[in-house]
Amino acid sequence: MVEAATRILVVDDEKALAEEICAALKPLGYVVRLAHTISDGLSEARAGEPALMIVDRMLEDADAAMMIETLRAEGVKTPVLFVSGLSSVEERIRGLKAGGDDYLVKPFAMAELTARVEALLRRLDDVRTTRLRVADLEMDLVEQTVKRGGAEIKLAPREFKLLEYFLRRPGQIITRSMLLQDVWQYRFIPDTNVVDVHISNLRKKIDASGRPALIVNIRGAGFMLDASR
Amino acid sequence: MLATVAATLLTFSFVYWQITNADEQRVRAILVEETSKGANYDEPELRKALDLRLTRDLRRLDYVGLSDPSGKLLLGNVTAMPAIAIDGAAHLIPDAHPPGAPDRVEPAVFVARSRADGSVLLLGRSLLEVYGLRKTVLSALAVALAPSVMLAVAIGMFLSRRTTRRLARFHDTLARIMRGELQIRLPTRKRRDEIDQLSHDVNLMLDEIVRLMAQIRNVGENIAHDLRAPLSVMRAKLERGLATPEEGALRVTVSQALQELDRAIVTIAALLRVAEVENGPVSLEFTSIDLAAICADLFEFYEPLGRSKSISMTFEASPPVSAHGDADLMREALSNLIDNAIKFTPEGGAVRVSVGMEDGRPTIRVSDNGSGVRPGERDKIFDRYYRTERNGRIRGSGVGLSVALAIANLHGFDLKVSDNNPGAVFELSRRADAGRSPNLAA
């Protein structure tokens, strides 16, 4: 699924958690390096040329946001996923301003982490694409139309955005919080299964007339557009 | 106290200066005038006048002299003409020899003037009396001044010692409070001076500290309780899972344990969220937000959830409804209300969201016909540590409503719950005095 030896650097001084992250990523085919201090992190980031960095915001010796600022100033463009116990909106904004690409609050599900890692590694190829196609489903971004097997499907504007999000990320695990954050631009996590209801409504529309389900549930993680069907 | 003394001294020196100087000036003026008058008399007239002057001068204060043009003394009680300019002006001689007592010296004023025939008229007057008056005034002032200064000092010391004693008592009391005796208070009296006002304020502050400490203690206990519940369940499940030989059952157990863990994590996150909203308004940048649009967007988000429960969902907006605030936070507060309404409305019920201006104030209502909130519970459901799970399915999703309330307060909004007969209405509306809320100032 992942091209050989994609290197990921984990910088976290909580060694037990760092090792868990490592253990979650290795089975997915990533080569993971661990660093527990800012200075180790900096030298690893410069020498190892990782494809992605997972960085704890608060390390024992300093605020890792500075480390990322330093790397960005040096021209290092490696995507950075911050993981942090600092959950406030301000901290999140500071982290992203320092050059982070995504921000995950501790404690988090490993499934959430791996989904975000994949999302960061597969940055969208071309945002200017006007047509998206998966299996027999076709989306025209200019005309704002969706067809499955040639038959047009009527979607509400938000359903269209939701489907577009999946179509741009085929075969990729998408979590509920990613959908809330990216499709609705919501910062809160609802107490109810409202996202699942939206997905199931969308499914009913695109999988009508007995066609195989394109969007499947991934237990304990979220959803995925399964292109193989 | 120092100011009082200084003012007294200043007044006294003014009096002294006025009395002594005015007297000397008067003596000088009279002498000048008399000399100029006498210089114009003819010889016999002058001699008569001078004799008269000498005989009348019982206190021996006057100096009289008349000399011929060569300077030879013709008449008078002076031994020699003093060395002053013959110009008709007053001159002070500090060491004049008084008539009849050439071995003594005294201060005196002299005026000399030449007459038409070349003779010189000299008049003088001792200043002994004037200076004597000075001394008298000075000692009189000293007699009056000393007690008043001493009195001022004494009163000042008395007052300051009393203040010092009171402050010392304060210090002792505060020291005891700081050692942990939080129930004692600073002494106050009925006469409300500044110190009483201060101790009153300190006492109020202590009351608040005691209240907050009790709250923190409760928070700690409640968090512990909130976490102990899922942790106990989790522990039991894992224990049972470990004893199960069957791998499939173990997987079920582990996933259930994970769910319990998530419940605990959600609780912690929500409690932190309330604290964050309550404590962090400073850096927020409030802008003009469109509440009607926010509500419409959220309603669209929640409508499918309601419909999936066969709940009839209605939305009513009379735009524009604008407010000053943070859109993300408002959305979070409203989502908690709508989420809550759908959760506590049974299948086939109805949930209604309305937004508009009422009495010039933005007002949002989320109403349902679900189980409602009992009157006795209406305040408690916003309490972040009121766990309804303990009481079965009584409504109020615990922390969600506390987050909504904290966000409402931050925006100068009220959040109230009332009866919908059946069901509940949650009303979020701007307070009438919200314009003065410090959180809205920036």
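No experiment lies behind these values; they were computed from the predicted model shown. Residue numbering restarts at 1 for every chain, and letters A, B, ... go by the order of the sequence lines.
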Novice: Which distance, rounded to the nearest 0.5 Å, do you find between the CG of B/Asp339 and the CD1 of A/Ile189?
Specialist: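 Interatomic distance, B/Asp339 CG to A/Ile189 CD1, rounded to 0.5 Å: 11.5 Å.
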
Novice: Could you check if a side-chain atom of B/Arg307 sits within less than 4.5 angstrom of a side-chain atom of A/Asn201, using non-hydrogen atoms only?
Specialist: yes

Novice: Of the backbone (N, CA, C, O) and the side chain (C-beta and beyond), which part of A/Leu180 lies under 4.5 Å from a heavy atom of chain B, both, or neither?
Specialist: side chain

Novice: Measure the CD-CH2 distance between B/Glu300 and A/Trp184 for me, rounded to the nearest 0.5 Å.
Specialist: 9.0 Å

Novice: Could you tell me which non-hydrogen atom of B/Tyr302 sits nearest to which non-hydrogen atom of A/Thr192, and how far apart they are?
Specialist: CE2-OG1, 4.0 Å

Novice: Below 4.5 Å from any heavy atom of chain A, which atoms of B/Leu298 appear? Answer side chain, backbone, both or neither.
Specialist: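 Backbone plus side chain of B/Leu298, per the 4.5 Å heavy-atom cut-off to chain A.
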
Novice: Can you say whether B/Asp262 sits under 4.5 Å from chain A via the side chain, the backbone, both, or neither, judging by heavy atoms?
Specialist: neither

Novice: Rounded at 0.5 Å granularity, tell me how far NE2 in A/His198 sits from CG in B/Leu305.
Specialist: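 Between atom NE2 of A/His198 and atom CG of B/Leu305 there are 8.0 Å.
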
Novice: For atom CE of A/Met110, decide whether the heavy atoms of other residues, nucleotides or ligands shown that lie under 6.0 angstrom number more than 12.
Specialist: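 Yes.
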
Novice: Taking 4.0 angstrom as the limit, do B/Asp326 and A/Arg187 come out as a salt bridge?
Specialist: no

Novice: Just checking A/Glu152: does its CD atom have more than 12 heavy atoms from other residues, nucleotides or ligands closer to it than 6.0 angstrom?
Specialist: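 Counting other residues, nucleotides and ligands, CD of A/Glu152 exceeds 12 neighbours.
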
Novice: Testing the basics here: between B/Asp328 and A/Gln185, what is the closest heavy-atom pair and its distance to 0.1 Å?
Specialist: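 Result for this residue pair: OD1-O, 4.3 Å.
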
Novice: What do the steps show when you test B/Glu303 against A/Val197 for side-chain contact (heavy atoms from CB on, under 4.5 Å), and what is the final call?
Specialist: CA-CA 10 Å; B/Glu303 198 192 6; A/Val197 173; over 6 Å; no

Novice: How many angstroms lie between CG in B/Leu334 and CZ in A/Phe188, if you round to the nearest 0.5 Å?
Specialist: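 Atom-to-atom, B/Leu334:CG and A/Phe188:CZ are 9.0 Å apart.
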
